[in-house]
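Notes to accompany the following structure.
Residue numbers run from 1 in the order of the sequence given.
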Amino acid sequence: MAASSDEEEDYMSAAFISTEQDIRPGLPIARRVQEAYQKEQKHKEANLNNRQKSLKEVEKEQREAVLNSAIGNENKGFALLQKMGYKKGQSLGKHGDGIAEPIPLHIKTGRSGLGHEELQKRKAEERLENYRRKIQMRQRASEQAADHFRSRFKSKHEEMRIEADLRKSQRACLQLDEQKGLQAPQELWFWPKIDEPEDEEEEEEEEEDGDDKEDSTAEELTSLEKLQALTAYLREKHLYCIWCGTAYEDADDLASSCPGDCAADHD
């Protein structure tokens with residue numbers, strides 16, 4: 001009975017010790033991972049050392065070794081050159097102005113035919129040139145659109161300025177003509193157009209025909225032509241400049257004090 005109790009105690013202590021070893025925080029797992037990683041690295045190094053070189057690699061190494069080595073006396077071509085007085089390291093030619101090193105060897109590695117690389121290079125250059133042309137065409141188109149927009153904006157702004165000066169001239173003409181007791185304008189469009197009431201009696205047919213003729217004549221003139229004619233009338237009749245906003249005493253005062261007879265002279 002004593003022996004069996006001792007065995008039970010030894011078993012319990014061994015189980016307790018193994019349990020204590022298993023619950024240590026991550027140490028057995030980290031050790032196993034490290035050992036597996038080292039084993040894998042050794043296996044890779046062994047495979048790399050034992051790997052046989054391919055036929056292409058062997059041919060490349062042999063070719064580079066031959067190309068990097070100088071031509072020896074056993075070479076027939078070199079032996080013939082030596083018989084003609086050539087010395088190692090000397091340049092070729094009668095006067096020694098030729099090449100001193102052999103022509104380099106270019107190995108073709110692809111399966112494409114001769115001239116394929118040049119064709120591909122030429123196509124790439126053509127694509128690049130076409131791309132550059134498209135960029136230039138887009139830039140020119142945008143510049144032309146911008147110039148067209150600026151010209152239209154400038155023209156529109158100039159038209160609005162002429163219309164404003166014409167209305168200003170018409171109001172000034174009406175005021176100045178009335179001050180001189182004129183009952184009607186020299187030209188129908190010299191005064192601002194006044195809308196007539198609807199219930200007003202119609203004028204006689206002859207007067208309507210005359211007004212229609214005057215209106216048609218006025219419509220044939222542009223706003224700039226109307227402005228030029230009206231400002232000339234104001235300067236001559238009333239010694240008045242719409243851009244100066246002044247009525248001068250006489251023609252000499254107008255000629256000496258006013259910068260000119262157009263808007264550009266007053267800018």
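- By the salt bridge (charged side-chain N to carboxylate O under 4.0 Å, His left out) test, Glu249 is found to be paired with no residue, residues two or more places apart in sequence or in another chain being considered.
- Cys241 approaches Gly260 most closely through the heavy-atom pair SG-O, 4.4 Å.
- A search for ring-ring contact (aromatic ring centres under 6.0 Å, His included) contacts involving Phe190 returns Tyr233, not counting sequence neighbours.
- A donor-acceptor pair is defined here as one N or O able to donate and one able to accept, closer than 3.5 Å; such a pair exists between the side chain of Thr231 and the backbone of Leu227.
- Annotation: side-chain hydrogen bond (donor to acceptor under 3.5 Å, both in side chains) contacts involving residues 126-147, sequence neighbours excluded, comprise Asp147-Arg150.
- Counting only heavy atoms from C-beta outward, the side chains of Cys173 and Leu234 approach each other to under 4.5 Å.
- Ser257 is linked by a side chain to side chain donor-acceptor pair (under 3.5 Å) to Asp253, counting only residues two or more places apart in sequence or in another chain.
- Linking Ile, Leu, Val, Met, Phe, Trp and Tyr whenever their side-chain heavy atoms come within less than 4.5 Å puts Leu221 and Ile162 in one cluster.
- The distance from the CZ atom of Arg235 to the CG atom of Asp261 is 5.5 Å, given to the nearest 0.5 Å.
- Heavy atoms from other residues, nucleotides or ligands lying under 6.0 Å from CD of Glu236 number 12 at most.
- Residues Tyr240 and Thr246 fail the side-chain proximity criterion, which asks for heavy atoms closer than 4.5 Å.
- Arg171 is linked by a salt bridge (charged side-chain N to carboxylate O under 4.0 Å, His left out) to nothing, counting only residues two or more places apart in sequence or in another chain.
- Contacts classified as side-chain hydrogen bond (donor to acceptor under 3.5 Å, both in side chains) and involving residues 159-170 (residues at least two apart or in different chains) are given here: Arg161-Asp267, Glu163-Ser223, Asp165-Trp243.
- Taking NZ of Lys180 as the start and NE2 of His238 as the end, the distance is 5.0 Å to the nearest 0.5 Å.
- From Glu117, atom CD reaches atom NZ of Lys121 across 10.0 Å, with rounding to the nearest 0.5 Å.
- Under the 4.5 Å side-chain heavy-atom criterion for Ile, Leu, Val, Met, Phe, Trp and Tyr, Leu176 and Leu174 are members of the same hydrophobic cluster.
- Atom CD in Glu35 sits 7.0 Å away from atom CD in Gln38 (nearest 0.5 Å).
- Note that the CD atom of Gln228 and the SG atom of Cys262 stand 9.0 Å from one another [nearest 0.5 Å].
- Distance check: Ile99 CD1 to Ser91 OG gives 9.0 Å after rounding to the nearest 0.5 Å.
- Clustering ILVMFWY residues whenever any of their side-chain heavy atoms sit less than 4.5 angstrom apart, transitively, puts Leu230 in a cluster other than the one holding Tyr248.
- Side chain of Glu64 to main chain of Glu61: no donor-acceptor pair is present (N/O by atom type, distance under 3.5 Å, no hydrogens or angles).
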